[in-house]
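Order of listing sets the numbers, starting from 1, for every ligand and every atom in it.
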Amino acid sequence: MDVSQMAGIETKDVTRLDRVGAHSHILGLGLDDSGQARESSQGMVGQLRARRGAGIFLQMIKQGKVAGRSILLAGQPGTGKTAIAMGLAQSLGHDTPFHMISGSEVFSMEMSKTEALTQALRRAIGVRIKEESEIIEGEVVEIKVDRPASGTGVQVGKMVLKTTDMETQFDLGSKMIEQLTKEIISAGDVISIDKATGRITRLGKSFTRSGDYDALSTNTRLVSCPDGELQKRKEVVHVVTLHDMDVINSRSQGFIALFSGDTGEIKSEVRDQIDQRVSEWREQGKADMMSGVLFIDEVHMLDIECFSYLNRALESPVAPIVIFATNRGITTIRGTEDQSPHGIPTDLLDRTLIIPTIPYTEEELNQIIRIRGEEENVNFDDDDDALDLLTEIAKTKSLRYAMQLITTANVYARRQKQSTIKIEHIRHVLSLFADSKTAVERLGQYQSKLIGQQS
Ligand code: ADP
Ligand code: ADP
């Protein structure tokens with residue numbers, strides 16, 4: 001691929017990566033055939049009632065009974081609202097489009113509120129297309145991501161791919177890096193990149209490299225390194241979102257805009273054209289539509305105009321499944337003087353099923369952290385209190401914070417050439433964060449240990 005085409009700039013998309021990547025262990029709602037929630041299944045732990053509720057909504061979706069309806073997940077931060085929305089999307093099929101925004105983002109974008117919402121809605125509607133397409137398929141030799149010196153801003157990197165016959169280096173923009181991170185792609189993976197959408201699929205681990213991994217989980221698929229050219233044509237079924245199509249068609253260099261995520265406002269004529277084309281494809285049996293999931297967090301941040309826009313959008317024949325989330329109780333509806341539950345106008349609230357989420361028990365937190373550790377290939381030592389410390393942090397600070405510490409402590413442990421995370425690794429990364437002091441102070445029962453280890 002032309003080097004310039006993969007390079008892209010968009011910091012907003014990089015932050016989104018963190019948010020989506022943090023849920024990669026969630027594979028569904030973890031329900032049994034009768035719709036009951038299993039205590040721990042598909043990466044999901046606890047929160048049984050909420051998951052069962054989401055399961056009922058899932059049934060309604062499958063029976064085509066959701067038109068105009070939505071659900072609202074109401075609960076404190078870190079109670080699995082995003083995880084449940086993600087699990088629901090996954091239950092609809094692993095290629096179901098899932099997009100998340102937060103209510104406040106609608107106002108911070110450099111476009112009108114309704115444009116921002118339209119883009120978000122169209123990012124959550126998929127078109128399944130069968131066509132011959134151009135792909136790049138090869139084994140990952142190396143991925144290098146350069147972080148800008150400032151620590152924020154543009155991420156760029158390089159990736160070397162090979163077949164048994166050739167090897168090529170590609171430049172990566174932030175969009176590609178986002179995908180690679182989301183799919184947890186590393187050296188030794190055989191991947192396929194759809195040139196039209198930039199979508200990356202992991203085909204499996206390469207046989208030749210499988211010896212390098214000590215802890216290959218049983219569900220890792222081993223494949224052989226592809227032969228021939230890196231670029232090939234193949235008949236593939238892929239899902240693109242309406243938004244992807246809008247962007248590709250909105251300018252001559254649309255393809256670049258897709259990789260960079262820098263889309264700006266899209267003209268309504270372009271959208272009309274796309275809708276027209278998709279409906280032709282559907283008539284010709286070349287494509288079908290699939291409703292994805294749009295997750296709107298901090299829904300109380302939306303104002304009355306946004307709500308009435310969403311209300312109409314939900315009634316349209318092509319609408320995604322919209323899942324709202326909030327941690328507010330009764331509050332003012334923005335743009336009005338009125339108070340309402342969760343800051344949502346009553347006409348919308350009337351068509352919304354409210355599902356409360358409740359704080360996790362210590363045991364549940366422990367299990368979630370363990371699962372997340374497995375997902376990130378982190379080993380905990382049974383004789384060590386690292387897992388307990390993380391659980392304590394999840395309880396006293398936040399679950400998300402504890403999750404972040406897994407990642408950072410893992411990086412540190414590996415740098416120390418250790419394959420297991422120990423309490424001292426966590427202590428070290430805690431000391432690197434500004435708020436580590438408060439965290440450590442609260443961990444009364446570990447205090448002696450922590451100090452004891454200081455040399
Ligand atoms: P919220 O959206 O309510 O703030 P999140 O869904 O972001 O909470 O939860 C924080 C982290 O914990 C995420 O990484 C999420 O995937 C994980 N998590 C939350 N609930 C569960 C659960 N029931 N099972 C497994 N992981 C969970
Ligand atoms: P509005 O447009 O005023 O918000 P709707 O016409 O959408 O109200 O009514 C809400 C729901 O109540 C719909 O499912 C509708 O079929 C039902 N409904 C409204 N009025 C009646 C009625 N008189 N008898 C039976 N069902 C009704």
Side-chain angles (χ1 to χ4, degrees), residues 15-32 36-55 58 70-91 94 98-105 181-184 293-301 322-329 342 354-378 380 387 390-410:
T15 47
R16 180 161 293 128
L17 136 85
D18 284 341
R19 287 194 268 148
V20 175
H23 306 279
S24 58
H25 61 287
I26 305 286
L27 305 175
L29 288 170
L31 305 176
D32 66 17
Q36 295 296 322
R38 294 197 168 99
E39 185 52 55
S40 173
S41 168
Q42 295 190 305
M44 278 280 196
V45 176
Q47 212 61 267
L48 303 181
R49 268 169 162 278
R51 282 160 56 202
R52 201 167 63 201
L58 176 69
S70 56
I71 52 177
L72 168 69
L73 293 161
Q76 284 159 34
T79 50
K81 300 186 293 295
T82 318
I84 287 171
M86 200 88 157
L88 193 138
Q90 295 270 322
S91 309
H94 74 279
F98 180 88
H99 184 64
M100 74 168 136
I101 58 166
S102 125
S104 52
E105 249 173 77
T181 315
K182 198 168 103 192
E183 304 289 328
I184 319 184
V293 172
L294 173 61
F295 179 71
I296 306 182
D297 205 356
E298 292 183 53
V299 65
H300 55 269
M301 295 297 290
V322 178
I323 300 181
F324 300 112
T326 182
N327 58 359
R328 295 297 160 87
H342 315 292
I354 300 174
I355 299 181
T357 56
I358 52 172
Y360 292 113
T361 64
E362 196 163 324
E363 200 174 311
E364 286 165 344
L365 290 172
N366 187 288
Q367 236 177 318
I368 292 172
I369 290 167
R370 202 185 280 269
I371 289 175
R372 189 61 210 167
E374 276 167 28
E375 175 72 14
E376 297 197 25
N377 292 318
V378 166
F380 293 108
L387 192 61
L390 285 172
T391 306
E392 190 64 24
I393 290 167
K395 206 171 87 181
T396 52
K397 286 223 91 180
S398 84
L399 179 54
R400 286 191 200 180
Y401 184 55
M403 298 285 217
Q404 278 185 22
L405 290 174
I406 299 179
T407 318
T408 40
N410 192 30

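Counting heavy atoms under 4.0 Å from ligand 1, residue I368 touches it through the side chain alone. By the criterion of a heavy-atom distance under 4.0 Å, neither the backbone nor the side chain of I371 is placed next to ligand 1.
Ranking protein heavy atoms by distance to atom 21 (C) of ligand 1, first place goes to Y360 OH, 3.3 Å. With respect to atom 2 (O) of ligand 1, the closest heavy atom belonging to the protein is T82 OG1, 2.4 Å. Scanning all protein heavy atoms for the shortest distance to atom 19 (C) of ligand 1 gives G80 CA, 3.4 Å. With respect to atom 25 (C) of ligand 1, the closest heavy atom belonging to the protein is G43 O, 3.0 Å. Shortest contact from atom 14 (O) of ligand 1 to any protein heavy atom: A22 O, 2.9 Å. Of all protein heavy atoms, the one closest to atom 10 (C) of ligand 1 is R400 CG, 3.7 Å.
In this structure, R51 contributes its side chain and G46 its backbone to a donor-acceptor pair below 3.5 Å.
Where the criterion is an N or O separation shorter than 3.5 Å, residue side chain and backbone included, M403 fails it with respect to ligand 1. For ligand 1, one of its N or O atoms has an N or O atom of H23 under 3.5 Å away. The shortest N or O to N or O distance between V45 and ligand 1 is below 3.5 Å. Residue-to-ligand polar distances keep I26 apart from ligand 1: every N/O pair is separated by 3.5 Å or more. For A83, a nitrogen or oxygen atom sits less than 3.5 Å from a nitrogen or oxygen atom of ligand 1, counting backbone and side chain alike.
Distance CG/L88 to CG/L31: 9.0 Å, rounded to 0.5 Å. Taken from CD in E39 to CG in L48, the straight-line distance is 5.0 Å, to the nearest 0.5 Å. To the nearest 0.5 Å, atom CD of residue E105 and atom CD1 of residue I296 are 10.5 Å apart. With rounding to the nearest 0.5 angstrom, the CD atom of E392 is 5.0 Å from the NZ atom of K395.
If you number the atoms of ligand 1 from 1 as listed, the ones under 4.0 Å from a heavy atom of P77 come out as 4 (O).
With respect to H25, the side chain to side chain donor-acceptor pair (under 3.5 Å) criterion is satisfied by exactly one of E375, Q42, R372: R372. Tested against V45 for a side chain to side chain contact (heavy atoms under 4.5 Å, CB included), the candidates N366, T361, I371, I369 yield a single pass: I371.
Residue T79 places a heavy atom under 4.0 Å from ligand 1. Remark: distances from the non-hydrogen atoms of G75 to ligand 1 are all 4.0 Å or more.
With 3.5 Å as the limit, one finds no donor-acceptor pair spanning the side chains of Q47 and T357.
Using a cutoff of 4.0 Å between basic side-chain nitrogens and carboxylate oxygens, E374 and R370 are not scored as salt-bridged.
Taking each heavy atom of A85 and F295 in turn, the nearest pair found is CB-CD1, 3.3 Å.
Looking at Q76, M44, E298, H25, it is H25 that brings a heavy atom closest to atom 26 (N) of ligand 1.
The environment of CD in Q36 is crowded: more than 12 heavy-atom neighbours from other residues, nucleotides or ligands sit within 6.0 Å.
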